[in-house]
Every structure is written in structure tokens, then in C-alpha cells.
Student: 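Dropping a structure here in C-alpha cells format, bear with me for questions.
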There are 2 protein chains.
Amino acid sequence: MAKAKFNREEVIDKAIDLFWQHGYSASSMQQVVQATGLKPGSIYLAFENKEGLFREALERYAQKSIARTRKILDSAPSVQAGICQLFEDNIQQSSKEDYCSCFLVKTRLELAAEGNDLHNLASEKLEMMEALFASYLEKEFTPEISQRRATSIMLHIFGIRVYGYQKKSEDRMRQGLREGLPWLPWP
Amino acid sequence: MAKAKFNREEVIDKAIDLFWQHGYSASSMQQVVQATGLKPGSIYLAFENKEGLFREALERYAQKSIARTRKILDSAPSVQAGICQLFEDNIQQSSKEDYCSCFLVKTRLELAAEGNDLHNLASEKLEMMEALFASYLEKEFTPEISQRRATSIMLHIFGIRVYGYQKKSEDRMRQGLREGLPWLPWP
DNA sequence: TAATATTTTGAATGACTATTCAAAATAAAG
DNA sequence: CTTTATTTTGAATAGTCATTCAAAATATTA
């Protein structure tokens, strides 16, 4: 009954859904088996273990996130306008019923024990995001201002990722962002 | 060999340490038994179950947090100066080797599934913190500005609680806070 | 087609999970 | 001291966990 090798990306996408929502510890390989339709042996042959699958899920999520950020920043009328759009997008996400913050942020907090590889991977990707913002801002500002504002953006993104669980908080968040990021061209 | 009833607050403090560091799912009752020296039966008689113990731990953490915030805001030369002091304090915490963010924030993110009681409790306490900041700010600003700035403060606190895992980021965070909260009297 | 290399199967393993409860120990009340 | 109410004990329960592996099925190569 065995079939051709399964579609790796599809399986990783299912793993993203599961791990993102429930976190590492609260997700079981049994749930992975259910979600993917694969048997344990296949999963372990392909990903070695739970940590291996989680790593690939996290990496794929990060890669998609960064690609999407670049796309929005590149297609916006200005870097600043693109950043506004990213924030508005984050706010929209948070108003969904099944909001689950950001996979990278959740992993950074959940697996924060000393030297945990997955925590380190999440942190590395988050630092890449900040560097990305800084490099875009350097088109418009000095390196010093760009760095400072990139950090400020990250603080606000993290803020939204936690604040966003509050119900009916969209307008509050928009006001808070205007207050903290007055140099952006809010609508 | 049975002794007098154990010291409830001491036990809850041990539970705070454990749950705060590892989260709900990654903490086992076996670890609670080890950390407290109590036997399972005693714990279950006193707290009903893991969730009950976690709830009391979270409540005690929140109560201490709010009390500490009030104390700093009350004893500072001004509300604004007190807020600066709170941020500097958060930054100092984040530079410790065993930093674990904020128990309320971690719980809000970990247990975010629909209608989870512990998630709701954490959220409720975090919203109380924002209300607390707003009420203090109303001594100095209009209600509208106070609300907006209280939200901005919460966004920055959440930001620090996530950003703080980055090594050697203290000065970056200070710069980011200055950028986003220019109305505070930074040193 | 035959031989070899991959991949899937899925029950089994042993460790760990939260929780229970009757018995024993202690404290409190009479 | 005696009786009653609390509290502690700690082994036991039933379930779930991540992981393994020999056998079967399929794909690939010769």
C-alpha cells in the first residue's frame, strides 16, 4: 500500500499550523501523525525526531515571513508607507478568532532555556528581521537613526504580537502605534 | 512522620519559579513534587490539580507585579520618572543569564487556545496593568492622551519582554525606548 | 524481468504523565 | 486521655509521550 515519497512541503506546512498554535511541548507526534496522515516511521525517517520537524517548520515559517516583508516593503510607495502597511496587516491578523501571535516570538519565549537550539534559531531569525528593517531604512535615514528606528519597530511588532490577544483592541493598537512611531505616514 | 500543614505561600513561590521558567506544558507535577518536597496527595488536596496550582501561582505573581509597579510609581519624583525607572528595571532583568520574560506574557502566549481560563486570567491581569498606567498618567495628562500613552507603554513593555532575550541588547533597547517614548524624562 | 534501493507500515517499547486513595500520622476539640 | 477532623504518605492507576524496527510495499536500476 506504500505510496511515492510524500510531499515534504505540504507536511511541513501542517507542522507549522500545529506547532504555531500549540507550541512545542503541547504538540504531540501523535497529532502530527493525525494532521499529516503519515505513520510515525515515515516522519522519523524524514525529519529524525520532533525537534527536527519543528526546526524545519520554524525555518519555513521564517523564510515565508521574511519574503513577505520584503515584498510589501518593495512594492510600497515608500519604505515608511510599507512599514505602516505591515503594522496594519499585523493588526488585522490579531483580530481573527484563532489568532496565534507569531511562531518565532512564541518559540523564543517557550524554549528559552539555556542554549536551546530552537530558541536560538528563532532568535536568529528575529534578529534578521531587525537587520532587514534597518537596511531598508538606510535608504532614507542615517545609519544611526535607521538602527534606532529599526529597534523601535521591532519593539512595536513584539508589542502587537502580545497585545493582539486583547479583544476589540485594534483601534487602541493603532493609536498606540501612532504615539510611538510618529515618524511614519499613518493614514 | 506527617507534619503541620505546609506553608502555602512558600509552595506557591516554588511553583512560580517552575512554571514561569518552563511554562505550563513543560512543567510536570513530578517537578513540583521535587521542588516543594511535598507528596502528590498533599498538593492535590490543597490545589485540586495542576491548573489550580498554576492559577494560584499566576495570581500571586500578578499581585506582586502590580504591587511593585504601584510602589515605584508612588515613590518616584513624578509618574513619568517612575515609568522610566520601571523600564530600566525591566532592562536590568533581561540582562540576567536566566532571564525568563514575564510570567503573564508567557502564559498569554502559551495558553492562547479558545477560552482557556489561564490565558484569560493572564490577559485580565495585563489589562489591569494598562489601566493602572492610564490612571497614574491622568494625574498629568488628559484622559485621551493618558489612554493612548498607557497603550504605548504596554506595547513597549511587551516589546522588551520579547526583545530582552537578545544578548547585549541593553543599550539598543534604551535607544529604542527613547525613540518610541520621547515624552518620558530619560536620564 | 530480476535485483537493489527507498519508503511506508503500524504495532511495540519503555519512560513519563496527571491524578487517586486507603492507610498512617498528626493536630484540634471535648 | 479520647474522639474527631486534618493532613501527609507514597505506591498504584490508567493514559499519553517520543521513538524504534522488522516486515511489507513500492520505486529504481540493471
Side-chain angles (χ1 to χ4, degrees), chain A residues 1-59 106-107 110-111 113 115-119 121, chain B residues 1-59 106-107 110-111 113 115-119 121:
Chain A
M1 248 230 291
K3 300 226 209 77
K5 197 175 179 183
F6 61 84
N7 182 330
R8 197 176 179 91
E9 293 189 346
E10 264 178 30
V11 166
I12 295 174
D13 282 336
K14 302 268 188 196
I16 288 176
D17 290 344
L18 184 68
F19 286 132
W20 184 2
Q21 184 167 25
H22 299 105
Y24 184 85
S25 294
S27 302
S28 70
M29 290 305 276
Q30 207 162 305
Q31 288 175 296
V32 174
V33 165
Q34 262 198 305
T36 60
L38 295 175
K39 304 296 167 184
S42 298
I43 300 170
Y44 279 82
L45 183 73
F47 301 101
E48 186 162 352
N49 52 27
K50 185 180 178 183
E51 183 177 337
L53 177 58
F54 190 95
R55 170 176 298 109
E56 288 211 34
L58 198 65
E59 257 158 1
K106 289 186 74 171
T107 301
E110 185 193 354
L111 303 177
N116 178 298
D117 283 350
L118 299 173
H119 163 85
L121 179 59
Chain B
M1 250 231 291
K3 300 226 209 78
K5 198 176 178 182
F6 62 83
N7 182 328
R8 196 177 180 91
E9 293 188 345
E10 264 178 28
V11 166
I12 296 174
D13 282 338
K14 302 270 189 194
I16 288 176
D17 290 345
L18 184 68
F19 285 131
W20 184 3
Q21 184 167 25
H22 299 104
Y24 184 84
S25 294
S27 302
S28 70
M29 290 305 275
Q30 206 162 304
Q31 288 176 294
V32 174
V33 165
Q34 263 199 305
T36 60
L38 295 175
K39 305 296 166 183
S42 299
I43 300 169
Y44 279 83
L45 183 73
F47 301 101
E48 187 162 352
N49 52 28
K50 185 180 178 182
E51 184 177 338
L53 176 57
F54 190 95
R55 171 176 297 109
E56 289 212 33
L58 198 64
E59 256 158 1
K106 288 185 76 171
T107 301
E110 186 193 352
L111 303 177
N116 179 299
D117 283 350
L118 298 172
H119 163 85
L121 179 59

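Numbers restart at 1 for each chain; the letters A, B, ... are given by sequence-line order, proteins then strands. This one's a predicted model, so the numbers in the text were calculated from it and none came from an experiment.
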Student: Please report the distance, rounded to the nearest Å, between CZ in B:Phe6 and P in D:dT7.
Tutor: 9 Å
Student: Whole-Å distance between D:dA18 P and A:His22 NE2?
Tutor: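 From A:His22 NE2 to D:dA18 P: 13 Å.
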Student: Between B:Glu56 and B:Arg8, is the closest basic N to carboxylate O distance under 4.0 Å?
Tutor: yes
Student: Any sub-3.5 Å donor-acceptor pair from A:Lys50's side-chain atoms to A:Ser27's backbone N or O?
Tutor: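 Yes; judged by distance alone, with no hydrogens or angles, the pair exists.
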Student: Side chain of A:Asn49 only, please: which of C:dT20, D:dT19, D:dT9 is the nearest?
Tutor: D:dT19
Student: Examine D:dC17: is either OP1 or OP2 under 4.0 Å from a nitrogen or oxygen in the side chain of A:Ser28? Give yes or no.
Tutor: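 Affirmative; the distance criterion is met.
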Student: Between C:dA18 atom P and B:Leu18 atom CG, what is the distance in whole Å?
Tutor: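 Spelled out: CG on B:Leu18 to P on C:dA18 is 10 Å.
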Student: Between C1' on C:dT17 and CD on B:Glu51, what's the gap in Å once rounded to a whole number?
Tutor: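 B:Glu51 atom CD is separated from C:dT17 atom C1' by 16 Å.
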Student: With a cut-off of less than 4.0 Å, is there a side-chain N or O of A:Tyr44 near OP1 or OP2 of D:dT20?
Tutor: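 Negative; the distance criterion is not met.
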Student: Does the plane of the ring in A:Tyr24 sit parallel, tilted or perpendicular to the ring in A:Phe19? Use 30° and 60° as the thresholds.
Tutor: parallel
Student: When you look at CD of A:Glu51, are more than 12 heavy atoms from neighbouring residues, nucleotides or ligands closer to it than 6.0 Å?
Tutor: yes
Student: If only side-chain N and O atoms of B:Lys5 are considered, is one of them under 4.0 Å from the OP1 or OP2 phosphate oxygen of D:dT7?
Tutor: yes
Student: Counting heavy atoms from C-beta on, name the nucleotide in D:dT20, C:dT19, D:dA18 closest to the side chain of A:Lys50.
Tutor: D:dA18
Student: Atom CG of A:Leu53 and atom P of D:dC17: how far apart are they, to the nearest Å?
Tutor: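 These atoms are roughly 15 Å apart.
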Student: Quickly work out the B:Asn7 CG to D:dT8 P distance and round it to whole Å.
Tutor: 12 Å
Student: In this structure, are over 12 heavy atoms from other groups packed under 6.0 Å from A:Glu59 atom CD?
Tutor: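 Result for CD/A:Glu59: enclosed.
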Student: At under 4.0 Å, does any side-chain N or O of A:Gln30 touch on OP1 or OP2 of D:dT16?
Tutor: no
Student: Grab the CZ-C1' distance between B:Phe54 and C:dA18 for me, whole Å please.
Tutor: 16 Å
Student: Would you classify B:Ser25 as touching base, sugar-phosphate or nothing, given that sugar-phosphate means primed atoms plus P, OP1 and OP2, and contacts are heavy atoms under 4.0 Å?
Tutor: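 No contact at all - B:Ser25 keeps every heavy atom at 4.0 Å or more from the nucleic acid.
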Student: Give the rounded distance in Å between these two atoms: NZ of B:Lys39 and P of C:dA25.
Tutor: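 One finds 15 Å between P of C:dA25 and NZ of B:Lys39, rounded.
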Student: Between B:Ser42 and A:Ala26, name the one whose nearest nucleotide on DNA chain D is closer to the 5' end.
Tutor: B:Ser42
